[in-house]
Amino acid sequence: MDKQQDFVLRTIEERGVKFVRLWFTDVVGTLKSVAVAPAEVEGAFAEGVGIDGSAIEGMTRSYEADVLAQPDPSTFQILPWRGEVDPTARMFCDITTPDGEPAIADPRNVLKRTLARAAARGFTFYTHPEIEFYLLKSSDYTDGGPHPIDNAGYFDNVSGGIAQDFRRRSVRMLEDIGISVEFSHHEAGPGQNEIDLRYADALTTADNVMTFRTVIKEVASEQGVYATFMPKPFAQHPGSGMHTHMSLFEGDTNAFYEAGGQYQLSKIGRQFIAGLLHYAPEITAITNQYVNSYKRLWGGDEAPSFVTWGHNNRSALVRVPVYKPNKGQSCRIEYRAIDSAANPYLAYSLLLAAGLKGIEDGLELPDEAEDNVWELTDTERKALGYRALPASLDEAIALMENSELVAETLGEKVFNYVLLNKRREWRAYRAQVTDFELRTNLESL
């Protein structure tokens with residue numbers, strides 16, 4: 001037994017933990033959980049815990065249903081919202097086959113494979129997400145809702161408001177569970193909030209994003225409100241993104257930094273951006289995986305709609321933030337399309353894979369977008385060579401299904417399941433008769 005496993009077992013005994021939740025995700029990023037008694041944890045480390053993979057979206061076919069959840073002891077944390085009555089902990093799991101091989105449909109394993117590819121080139125991939133979400137009075141939308149909890153705006157300080165208490169409680173809880181928070185504030189939409197997590201390696205970040213969503217939902221429920229990560233719950237208000245800052249390190253050196261380079265950006269950094277731009281349309285069905293995601297991408301309010309990059313240009317898909325003098329380690333880029341409902345394991349896998357492909361193929365970075373891309377005409381954008389991101393899930397699926405990069409990165413099984421799942425969602429959406437159609441057509445036709 002290694003030191004981390006021994007630490008977990010000692011902590012369970014010392015803290016009187018009554019339940020240990022083993023967490024993992026399905027292919028679309030839904031958090032799954034199975035609880036085990038403390039006495040079973042040592043056996044789980046040694047042999048895993050058997051689960052029925054056929055009951056998990058995209059995991060296995062019914063005739064190969066048995067898989068094992070192997071807890072990762074480095075992710076052990078006490079869940080603060082469970083209180084001291086029946087202390088409960090959690091660990092993330094890797095899903096394996098009965099013979100101990102990684103399950104090819106496990107999203108966490110997809111990311112670990114991609115990170116291993118980067119590591120083989122000497123790179124460590126770090127990420128820092130800015131996660132937006134809405135707080136609503138309830139999840140009920142049948143009475144003219146949804147209804148946000150306030151009418152505040154960007155960076156507003158709402159004295160005595162639920163949002164301020166909510167953010168304070170959420171940040172405290174995140175810190176208690178070992179997730180460091182950099183900023184928190186009210187966002188532009190009524191009831192919309194943002195909490196930014198500190199830089200971490202991409203696997204830790206993906207685990208943290210899954211934990212973050214659970215914490216936010218728990219605190220909202222505790223305070224009698226409802227939190228949603230839906231990309232665009234209001235037509236007239238901004239959508240919720242998960243702008244992600246990224247950098248590659250070679251040991252302790254930031255591979256994106258070059259003193260004297262344009263915006264202090266190295267050749268590797270420029271090629272990484274070029275890879276993101278080249279493959280962005282193909283990976284959008286993963287970074288923006290729902291029908292509703294495209295209402296955000298094409299709804300304005302600083303959501304990127306075109307494949308561009310710029311220095312501190314918030315209309316661009318990829319932004320190079322202002323460089324901090326004498327802080328080369330902070331040199332980074334920001335990908336702005338990804339939304340808060342993405343599966344972080346698959347999304348970060350593809351962002352990394354696209355950037356690495358840019359480096360491997362020596363892709364040239366096109367000219368930056370200096371103007372506000374949204375204010376240009378279609379003719380101007382065409383003349384500048386600005387491609388559009390997919391305008392719908394249907395278009396994103398069509399681009400992804402022909403992508404060698406996505407198929408290779410996700411693996412055949414995950415790739416095919418995502419296509420199946422997203423086509424099913426699009427067919428269900430397309431079959432609807434919407435309120436818009438009834439309002440505009442019922443009486444006039």
Grab the two heavy atoms, one from [X] and one from [Y], that are nearest each other, plus how far apart they are.
{"X": "Leu297", "Y": "Pro304", "result": "CD2-O, 3.4 Å"}
{"X": "Ser247", "Y": "Tyr199", "result": "OG-CE2, 3.6 Å"}
{"X": "Asp94", "Y": "Arg108", "result": "OD1-NH1, 2.8 Å"}
{"X": "Leu393", "Y": "Asn288", "result": "CD1-O, 4.4 Å"}
{"X": "Pro231", "Y": "Ser293", "result": "CG-OG, 3.6 Å"}
{"X": "Asp207", "Y": "Phe92", "result": "O-CZ, 3.3 Å"}

Flag side-chain contact, heavy atom, 4.5 Å: [X] against [Y]:
{"X": "Leu356", "Y": "Phe123", "answer": "yes"}
{"X": "Tyr257", "Y": "Ser266", "answer": "no"}
{"X": "Leu265", "Y": "Glu258", "answer": "no"}
{"X": "Val110", "Y": "Tyr345", "answer": "no"}
{"X": "Tyr290", "Y": "Lys422", "answer": "yes"}
{"X": "Asp196", "Y": "Ile131", "answer": "no"}
{"X": "Gln192", "Y": "Ser240", "answer": "yes"}

Which value, rounded to the nearest 0.5 Å, describes the distance between [X] atom [atom1] and [Y] atom [atom2]?
{"X": "Leu22", "Y": "Leu68", "atom1": "CG", "atom2": "CG", "result": "11.5 Å"}
{"X": "Lys18", "Y": "Asp86", "atom1": "NZ", "atom2": "CG", "result": "6.5 Å"}
{"X": "Ile216", "Y": "Asn193", "atom1": "CD1", "atom2": "CG", "result": "8.5 Å"}
{"X": "Asn292", "Y": "Tyr429", "atom1": "CG", "atom2": "OH", "result": "8.5 Å"}
{"X": "Ile397", "Y": "Trp426", "atom1": "CD1", "atom2": "CH2", "result": "8.0 Å"}
{"X": "Ile104", "Y": "Lys413", "atom1": "CD1", "atom2": "NZ", "result": "5.0 Å"}

Donor-acceptor side-chain pairing of [X] and [Y] below 3.5 angstrom:
{"X": "Asn313", "Y": "Arg319", "value": "no"}
{"X": "Glu187", "Y": "Tyr134", "value": "no"}
{"X": "Asp140", "Y": "Ser138", "value": "no"}
{"X": "Thr434", "Y": "Glu437", "value": "yes"}
{"X": "His245", "Y": "Glu130", "value": "yes"}

Residue from Ile177, Ile179, Thr211 passing side-chain contact (heavy atoms from CB on, under 4.5 Å) with Gln77: Ile177
Checking [X] side chain against [Y] main chain: does a donor-acceptor pair fall under 3.5 Å?
{"X": "Glu132", "Y": "Gly241", "answer": "yes"}
{"X": "Thr409", "Y": "Leu350", "answer": "no"}
{"X": "Glu395", "Y": "Ala391", "answer": "yes"}
{"X": "Ser170", "Y": "Phe166", "answer": "yes"}
{"X": "Asn421", "Y": "Tyr417", "answer": "no"}
{"X": "Asp106", "Y": "Ile95", "answer": "yes"}
{"X": "His243", "Y": "Ile338", "answer": "no"}
{"X": "Asn109", "Y": "Ala105", "answer": "no"}
{"X": "Asn254", "Y": "Cys331", "answer": "yes"}
{"X": "Gln289", "Y": "Ala341", "answer": "yes"}

Does a salt bridge link [X] with [Y], judged by any charged N lying under 4.0 Å from a carboxylate O?
{"X": "Glu222", "Y": "Arg169", "value": "yes"}
{"X": "Glu360", "Y": "Arg117", "value": "yes"}
{"X": "Glu425", "Y": "Arg423", "value": "no"}
{"X": "Arg172", "Y": "Asp176", "value": "no"}

Report the C-alpha distance between Phe306 and Trp298 in whole Å, list the side-chain angles of each, state the deciding distance to 0.1 Å, and finish with yes or no for ring-ring contact (aromatic ring centres under 6.0 Å, His included). CA-CA 10 Å; Phe306 297 91; Trp298 289 92; 5.4 Å; yes
Cation-pi geometry met for Lys217 and Phe133 (6.0 Å, 45°): no
Pairing residues for Glu282 by the side chain to side chain donor-acceptor pair (under 3.5 Å) criterion, not counting sequence neighbours: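 So Glu282 forms a side chain to side chain donor-acceptor pair (under 3.5 Å) with Ser403.
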Let me see the working for Met91 and Asp72 under side chain to side chain contact (heavy atoms under 4.5 Å, CB included), right down to the final yes or no. CA-CA 6 Å; Met91 283 184 283; Asp72 180 348; 5.9 Å; no
List the steps and the verdict of side chain to side chain contact (heavy atoms under 4.5 Å, CB included) for Glu368 and Gln262. CA-CA 11 Å; Glu368 68 175 297; Gln262 184 187 29; 3.7 Å; yes
Neighbour count above 12 (heavy atom, 6.0 Å) for Gln4 CD: yes
With a 6.0 Å cut-off (strictly less than), is the heavy-atom count around CZ of Arg15, excluding the residue itself, greater than 12?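 Counting neighbours around CZ of Arg15, 12 or fewer heavy atoms of other residues, nucleotides or ligands fall under 6.0 Å, so no.
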Run the numbers on Phe229 and Phe212 for side chain to side chain contact (heavy atoms under 4.5 Å, CB included), then give the verdict. CA-CA 11 Å; Phe229 295 93; Phe212 177 93; 3.8 Å; yes
Would Leu248 and Ile359 count as a side chain to side chain contact (heavy atoms under 4.5 Å, CB included) if you check the C-alpha gap in whole Å, the side-chain angles of each, and the deciding distance to 0.1 Å? CA-CA 11 Å; Leu248 289 179; Ile359 296 169; 3.8 Å; yes
Name all residues meeting the salt bridge (charged side-chain N to carboxylate O under 4.0 Å, His left out) criterion together with Arg427; count only those two or more places apart in sequence or in a different chain, and write none if there are none.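 For Arg427, no residue satisfies salt bridge (charged side-chain N to carboxylate O under 4.0 Å, His left out) once neighbours in sequence are set aside.
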May I have the step-by-step check of salt bridge (Lys or Arg N to Asp or Glu O under 4.0 Å) for Asp394 and Arg430, ending in yes or no? CA-CA 10 Å; Asp394 184 44; Arg430 187 177 57 188; 5.6 Å; no
Plane angle bin for Tyr126 and Phe249 - parallel if under 30°, tilted between 30 and 60°, otherwise perpendicular: perpendicular
Can you tell me how the ring of Phe234 sits relative to the ring of His237, calling it parallel under 30°, perpendicular over 60° and tilted otherwise?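 Answer is perpendicular, since the angle exceeds 60°.
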Looking at Asp201, Thr244, Thr204, Thr205, which hits side chain to side chain donor-acceptor pair (under 3.5 Å) with Thr127?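 Among the candidates, only Thr205 passes.
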